[in-house]
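Numbered from 1 within each chain, the chains take letters A, B, ... in sequence-line order. Everything numeric in this text was worked out from a predicted model, so none of it was measured.
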Amino acid sequence: MNSVLSRVLMRIAPPSSRHNFTSLRQYATVKRFYKNTNVLYSGGKYEITLDHRKLKTPKGAPLVMKSEPLAIAVAAEWANQKEKIERSSMHLTALCSTVIDNPNKLEATDMINHMLNFLGSDTVLFQTDTEEELYKLQSQEWDPIIKWFNDRYETNIQKTLDMNLPQISSGDKMSISKYLSSHNIESLHGFIFAIDTLKSIILAFAAIDQHITIEKAVHLARLEEEYQLGFWGRVEWAHDLSQQDLQARLAAAVLFVHFNRSETMIKQKLMV
Amino acid sequence: MSCKYDEIDVSLTLSSPGSCKYSFRVEPSTVMATTTLRGLLNELRLASPNGRLENSLAAKEEMHFLGKTYLCYLKSLRTQAEISKEYHGRGERTVKETADLVGFKLPTDPK
């Protein structure tokens with residue numbers, strides 16, 4: 001029996017003879033072909049069903065996950081689709097599929113190195129010295145987060161005001177790498193998704209550590225944009241759209257990390 | 001929580017006999033409830049794997065945070081979809097729509 005998703009995928013990725021535009025058109029108009037979604041539990045893992053068919057990843061592997069709340073959230077994403085299936089808005093499903101298919105063939109060490117290299121270009125470390133008002137805002141909003149990060153992860157990362165990259169010592173990299181390597185591969189995918197969303201390791205860690213809310217983290221990541229909006233006006237279809245998109249992505253990443261790492265804790269609680 | 005009940009105990013022992021009598025008239029059920037609650041807390045403490053209750057408080061806070069995060073997820077997705085729907089292109093505009101957009105009038109429109 002053909003899986004639901006591979007059928008969808010065959011329509012999304014048509015033979016090369018077809019024009020690219022056609023594939024895009026079809027991607028946008030996959031109709032909802034199921035009525036009910038459900039979560040199945042077998043062998044310590046959860047699966048999603050659409051009617052009687054099991055959900056699969058883009059590569060055709062069964063979409064399985066260890067966390068029950070995550071499975072319910074993924075099922076809810078599919079249940080929330082109206083006439084058309086909008087896969088671009090299903091971030092939790094996308095994260096689960098990415099972990100299973102691993103399209104970039106990433107190992108844990110690759111991911112940790114990627115994140116450590118990102119630290120030198122962290123958004124909050126680059127503050128302006130040419131515009132006084134903006135600098136005031138940046139140091140008022142970003143500095144407490146940098147301080148929190150340094151205290152929490154025992155690092156000494158300093159912001160920069162010019163073209164020079166902030167210096168990250170090998171000791172700082174070691175402490176962050178040690179923290180990251182205590183996570184499983186699923187959580188690391190969530191970390192990368194959060195960092196790519198915010199363009200900042202420091203803000204991503206603060207959101208995942210429950211130090212700041214999702215809305216606050218996205219606001220801080222868009223701080224300069226918000227500042228410029230004050231002068232030039234706000235355009236709903238650009239600024240609000242990107243803000244909501246970033247919030248949804250970050251929220252998905254944070255949920256994904258929590259569901260994948262707190263699994264043991266939730267099990268313990270249920271036993272009590 | 002137990003701290004609150006400790007405070008009641010202290011205030012009972014220190015208060016004058018009169019007020020003590022008054023408070024005891026209301027007490028019996030409260031005292032029994034307190035004892036039961038305290039016993040429960042104690043049992044829970046002994047039963048939990050780490051022997052501490054702070055754990056469950058942290059878990060409660062985490063649940064609250066996750067709830068807020070999930071709310072933000074659903075809300076942001078919905079708002080995003082609404083904005084897209086409102087502004088997404090619907091193909092070519094008619095001459096009339098384009099004229100309205102820039103504030104022009106068609107020759108056929110009344111002046």
message: For E226(A), is the CD atom crowded, meaning more than 12 foreign heavy atoms sit under 6.0 Å from it?
response: yes
Atom pair OG1/CD1 of T69(B) and I214(A) - distance to nearest 0.5 Å: 4.5 Å
message: Is it the case that atom CZ in R93(B) sees more than 12 heavy atoms from other parts of the structure closer than 6.0 Å?
response: no
Greater than 12 external heavy atoms within 6.0 Å of K75(B)'s NZ: no
Worked check of side-chain contact (heavy atoms from CB on, under 4.5 Å) between R249(A) and Y73(B): CA-CA 8 Å; R249(A) 282 166 189 274; Y73(B) 182 55; over 6 Å; no
- request: Go through the steps to decide whether D240(A) and T79(B) satisfy the test side-chain contact (heavy atoms from CB on, under 4.5 Å), and finish with yes or no.
  value: CA-CA 9 Å; D240(A) 285 346; T79(B) 321; over 6 Å; no
field: Y179(A) atom OH, neighbour heavy-atom count above 12 within 6.0 Å
entry: yes
query: Picking from N80(A), T213(A), L92(A), which has the most non-hydrogen pairs under 4.5 angstrom with chain B?
result: L92(A)
Interface moiety of L71(B) toward chain A, non-hydrogen atoms closer than 4.5 Å: neither
- line: Bottom line for A73(A): the part with an atom under 4.5 Å from chain B's heavy atoms is both
- request: Determine, stepwise, if the pair E86(B) / W237(A) fulfils side-chain contact (heavy atoms from CB on, under 4.5 Å).
  value: CA-CA 9 Å; E86(B) 166 113 23; W237(A) 47 262; over 6 Å; no
Residue pair Q80(B) / L241(A): nearest heavy atoms and the distance that separates them: O-CD1, 3.6 Å
query: For the atom pair CE (M90(A)) and CG (L77(B)), what is the distance rounded to the nearest 0.5 Å?
result: 10.0 Å
field: Contact origin within L246(A) toward chain B - heavy atom pairs under 4.5 Å
entry: neither
message: If you define the side chain from C-beta out and look only at heavy atoms, does anything of S76(B) sit under 4.5 Å from D245(A)?
response: no
Minimum heavy-atom distance L66(B)-L255(A), with the two atoms named: O-CD2, 3.8 Å
field: Heavy-atom pair count under 4.5 Å with chain B, highest-scoring of Q247(A), Q210(A), Q243(A)
entry: Q210(A)
field: Heavy-atom side-chain contact between E215(A) and C72(B) under 4.5 Å
entry: yes
query: What distance do I83(B) atom CD1 and Q244(A) atom CD have between them, rounded to the nearest 0.5 Å?
result: 5.5 Å
- request: Check the surroundings of atom CD in E154(A): do more than 12 heavy atoms from other residues, nucleotides or ligands lie under 6.0 Å from it?
  value: no
Under 4.5 Å from a heavy atom of chain A, the part of Y70(B) involved: both
